Amino acid sequence: MTYIENVLICMASPLLIAALCMGKRQTNFFLFCFAGMGACLLSAYINTFLTAIYEADAFAATSEIAPVVEEVMKLLPLLFYLLVFEPKAEQIKIAAVIVALSFATFENVCYLIQNGAEHFSFIFFRGIGTGAMHVICGAIVGGGLVYVWRRTWLKIAGTCGLLGAAITIHAIYNLLIAYGSAAQYIAYLLPVLILTVGKLISRRLIP
């Protein structure tokens with residue numbers, strides 16, 4: 001059994017100490033780290049509950065339930081941030097990426113504890129692929145929220161559309177992972193390729 005609550009405490013404790021030492025300017029960064037890891041913890045509970053309720057097998061749980069639950073849980077801290085603090089555009093984008101990265105980091109650590117870390121090449125590709133996938137989803141949601149929340153009539157529909165896009169990308173990734181074989185490594189490399197291409201395009205568009 002993996003005691004993910006204990007893992008969260010061990011990971012969050014040094015961050016909490018760092019937050020206390022670095023002052024108020026860096027508070028938001030650490031809060032979003034905690035939010036991302038907390039979202040991952042809650043996602044694990046909800047995924048397990050829904051899998052049991054619907055009697056889903058591992059394939060269905062991975063490709064159908066997990067993407068919806070995880071993307072919704074990552075969105076909730078961002079919505080709270082938007083509604084309560086009304087941040088600037090750049091702050092929203094940064095918050096979305098930090099939440100996504102923290103979520104991916106906590107997920108990877110739990111995976112290592114549960115499955116072991118003896119196969120370096122597999123763990124290496126999985127760690128990078130999963131991190132890149134979560135960053136892509138976070139960037140889509142964060143960047144999209146900046147646009148849709150400037151338009152009152154588009155807030156609800158736009159947010160749902162962004163969530164749907166993130167869920168779709170996440171589901172495709174998980175589907176390829178669950179399929180296994182060569183598709184699994186394609187899934188690991190695809191998010192990295194998308195991020196690389198996106199970075200190159202953004203550099204050309206923004207001198």
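Along the sequence shown, the residues carry numbers beginning at 1. Predicted model only: the values in this text are computed from it and were never measured.
- K74 NZ to L76 CG: the interatomic distance, rounded to the nearest 0.5 Å, is 12.0 Å.
- Taking the six-membered ring where the residue is Trp, F85 and F80 present perpendicular rings, their angle passing 60° and hence far from 30°.
- A heavy-atom distance below 4.5 Å is not found between the side chains of Y173 and I136.
- Hydrophobic clustering places V148 together with V72 (ILVMFWY residues linked when any side-chain heavy atoms are closer than 4.5 Å, directly or through intermediates).
- At a threshold of 4.5 Å between non-hydrogen side-chain atoms, the residues M11 and F106 count as touching.
- Grouping the Ile, Leu, Val, Met, Phe, Trp and Tyr side chains by contacts below 4.5 angstrom, directly or via other members, places F103 apart from L79.
- When all heavy atoms of N28 and Y81 are compared, the closest pair comes out as ND2-OH, 4.0 Å.
- Taking each heavy atom of K155 and W149 in turn, the nearest pair found is CE-O, 3.5 Å.
- The local environment of CZ in F59 is crowded, with over 12 non-hydrogen atoms from other residues, nucleotides or ligands closer than 6.0 Å.
- Within the model, atoms CZ of F29 and OG of S102 stand 6.5 Å from one another, a figure rounded to the nearest 0.5 Å.
- Looking at heavy atoms from C-beta onward, M37 lies in side-chain contact with L15 at the 4.5 angstrom threshold.
- The minimum heavy-atom distance between E71 and A166, with the atom names listed, is OE1-CB, 3.6 Å.
- The shortest distance between side-chain heavy atoms of I94 and F32 does not fall below 4.5 Å.
- Closest of all the heavy-atom pairs between P191 and A132 is CB-CB, 3.6 Å.
- At most 12 heavy atoms of other shown residues, nucleotides or ligands fall within 6.0 angstrom of atom CD1 in I156.
- For the 3.5 Å distance criterion, the side chains of Y188 and T130 fail to qualify, holding no donor opposite an acceptor.
- Residues I172 and V192 are members of separate hydrophobic clusters, defined by side-chain heavy-atom contacts under 4.5 angstrom among Ile, Leu, Val, Met, Phe, Trp and Tyr.
- Q91 places a side-chain N or O within 3.5 Å of a backbone atom of K88 that can act as its donor or acceptor partner.
- Taking CG of L31 as the start and CG of L16 as the end, the distance is 10.0 Å to the nearest 0.5 Å.
- With a 4.5 Å cut-off on side-chain heavy atoms, L75 and L162 do not count as touching.
- Between K93 and L145, every side-chain heavy-atom pair lies at or beyond the 4.5 Å cut-off.
- Here L176 contributes atom CG and I186 contributes atom CD1; the two are 7.0 Å apart, rounded to the nearest 0.5 Å.
- Using a 4.5 Å heavy-atom cutoff, the side chains of V141 and L163 are not in contact.
- When all heavy atoms of A100 and H134 are compared, the closest pair comes out as CB-O, 3.2 Å.
- Using a 4.5 Å heavy-atom cutoff, the side chains of I140 and I169 are in contact.
- A cation-pi arrangement is not found for R150 relative to Y147, the charged atom failing to lie both closer than 6.0 Å to the ring centre and inside a 45° cone about the ring normal.
- F34 and I9 sit in two unconnected hydrophobic clusters of ILVMFWY residues. Membership requires side-chain heavy atoms under 4.5 Å apart, directly or through other members.
- Residues A56 and I65 share a closest heavy-atom pair of CB-CD1, 4.0 Å.
- Taking CD1 of I128 as the reference point, atom CE of M133 lies at 14.0 Å (rounded to 0.5 Å).
- Hydrophobic clustering places V99 together with V84 (ILVMFWY residues linked when any side-chain heavy atoms are closer than 4.5 Å, directly or through intermediates).
- Here the straight-line distance linking atom CG of D57 with atom CD of E64 works out to 8.0 Å at 0.5 Å rounding.
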